[in-house]
Amino acid sequence: MGDRPGAILETRSLSVHYGGVAAVDAVSLAVRPGEIFGLLGPNGAGKTTLLAAIAGAVRPTAGEVRFRGEPVTALRPDQLARRGMARTFQITRPFEDLTVEENVMVGAQPRCASLGEMRAQVAELVEWVGLGHKRHALAKGLSTGQRKRLELARALATRPALLLMDEVSGGLDQPSVPGLIELVARVRASGVTVVLIEHNMRIISALCDRVMFLDRGRQLAEGAPGAVMAMPAVVDLYLGSGGAHA
Ligand SMILES: Nc1ncnc2c1ncn2[C@@H]1O[C@H](COP(=O)(O)OP(=O)(O)OP(=O)(O)O)[C@@H](O)[C@H]1O
């Protein structure tokens, strides 16, 4: 079977079972280069597990992941990073006792030819995500929004073609949300394809070209955000789950 024309990322009947629970149940998706693709669904729907299986952090029980036209199902996260896949987490995990710049250097190091080149790129990236004024601050002193920006800079330092983002707005106060939306839009504009998990409808509508709605591990619907979120089954599940913030 050939790749879907133009897909940068595909899953084919991807499943992850935990004991008797099908956390992800035969999910097939195809993400095109340059798009922002959203994963939606109530709590426990399997979004994080699907992202982890794509990223090589969880081993699928069945099915296949293809990235840039090649099967990558058995690869580890570091191997996928070298091929151009990066991931940010719902709970950010910087090195708390390193500065913002030092944290970003950890991601940039393998990609740079010289120390001078690395320093210049890190400084540029830190500025780009809006943390220029915090570049010498320790990670442990940052606000939640700043930690998200740092996490993004660390992921972008690996120069990914595809960025997987778990819970873009999770834990953020409302005033921080527009800035983060703008930043994710800029990431895409810079040529990076994005797959994100997000509960906030406003963010989904503002950012995503297409979404997939999951329920109990299965793909229930896929398409443009407005069309998917208007489907009666989706409305029932989403409103019922309390997941439809703002
Ligand atoms: N390590 C694990 N061991 C056993 N079961 C797990 C594990 N991780 C997830 N699950 C189960 O798999 C299912 C999917 O969980 P997952 O966290 O992927 O859902 P989610 O859609 O990301 O949920 P949320 O929106 O709450 O983060 C749930 O039933 C969950 O309890």
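One-based numbering, in listed order, for ligands and for the atoms of each.
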Provide, to 0.1 Å, the distance between atom 9 (C) of ligand 1 and the closest protein heavy atom, together with that atom's residue and name. Tyr18 CE1, 3.5 Å
With heavy-atom distances below 4.0 Å as the criterion, list the atoms of ligand 1 near Pro42. 21 (O)
Whether the Glu198 and Ser169 side chains hold a donor-acceptor pair (N or O, under 3.5 Å, no angle test) is what I'd like checked. yes
Could you go through the side chain to side chain contact (heavy atoms under 4.5 Å, CB included) check for Thr61 and Val24 one step at a time? CA-CA 9 Å; Thr61 318; Val24 175; over 6 Å; no
State whether the shortest distance between N or O atoms of Glu167 and N or O atoms of ligand 1 falls below 3.5 angstrom. no
Charged N to carboxylate O under 4.0 angstrom, Asp97 versus Lys140? yes
Counting heavy atoms only, which of Val21, Val16, Leu39 is nearest atom 29 (O) of ligand 1? Val21
If you have a sec, work out which protein heavy atom is nearest atom 25 (O) of ligand 1 and how many Å separate them, to one decimal? Lys47 NZ, 2.8 Å
Element-labelled atoms of ligand 1 that are located less than 4.0 Å from some non-hydrogen atom of His199: 25 (O)
Hydrophobic clustering (ILVMFWY, side-chain heavy atoms < 4.5 Å, transitive) - are Trp128 and Ile181 grouped together? yes
Measuring only between side-chain heavy atoms, which start at C-beta, is Leu131 closer than 4.5 Å to Gln146? yes
Asp166-Thr48 side chain donor-acceptor pair, cut-off 3.5 Å: yes
Please report whether ligand 1 has a polar contact with Gly41, defined as an N or O pair separated by less than 3.5 Å (distance criterion only). no
For atom 14 (C) of ligand 1, what is the nearest protein heavy atom, given as residue, atom name and distance? Gly44 O, 3.3 Å
Leu14, Tyr18: one ILVMFWY side-chain cluster at the under-4.5 Å cut-off? yes
Ligand-side contact atoms (ligand 1) for residue partner Ala45, heavy atom cut-off under 4.0 Å: 19 (O), 20 (P), 21 (O)
Do Ala23 and ligand 1 have an N or O pair less than 3.5 Å apart? no
I'd like to know if Gly19 contacts ligand 1, where contact means a heavy-atom distance under 4.0 Å to any ligand atom. no
Mind checking salt bridge (charged side-chain N to carboxylate O under 4.0 Å, His left out) for Asp173 and listing every partner two or more places apart, or none if nothing turns up? none
Is there at least one protein heavy-atom neighbour under 4.0 Å from atom 16 (P) of ligand 1? yes
Examine ligand 1 and decide if any of its atoms is less than 4.0 Å from a heavy atom belonging to Arg216. no
Please enumerate all residues that pass salt bridge (charged side-chain N to carboxylate O under 4.0 Å, His left out) together with Arg147, with sequence neighbours excluded. Glu96
Among protein heavy atoms, which lies nearest atom 26 (O) of ligand 1, and at what distance? Asn43 OD1, 3.3 Å
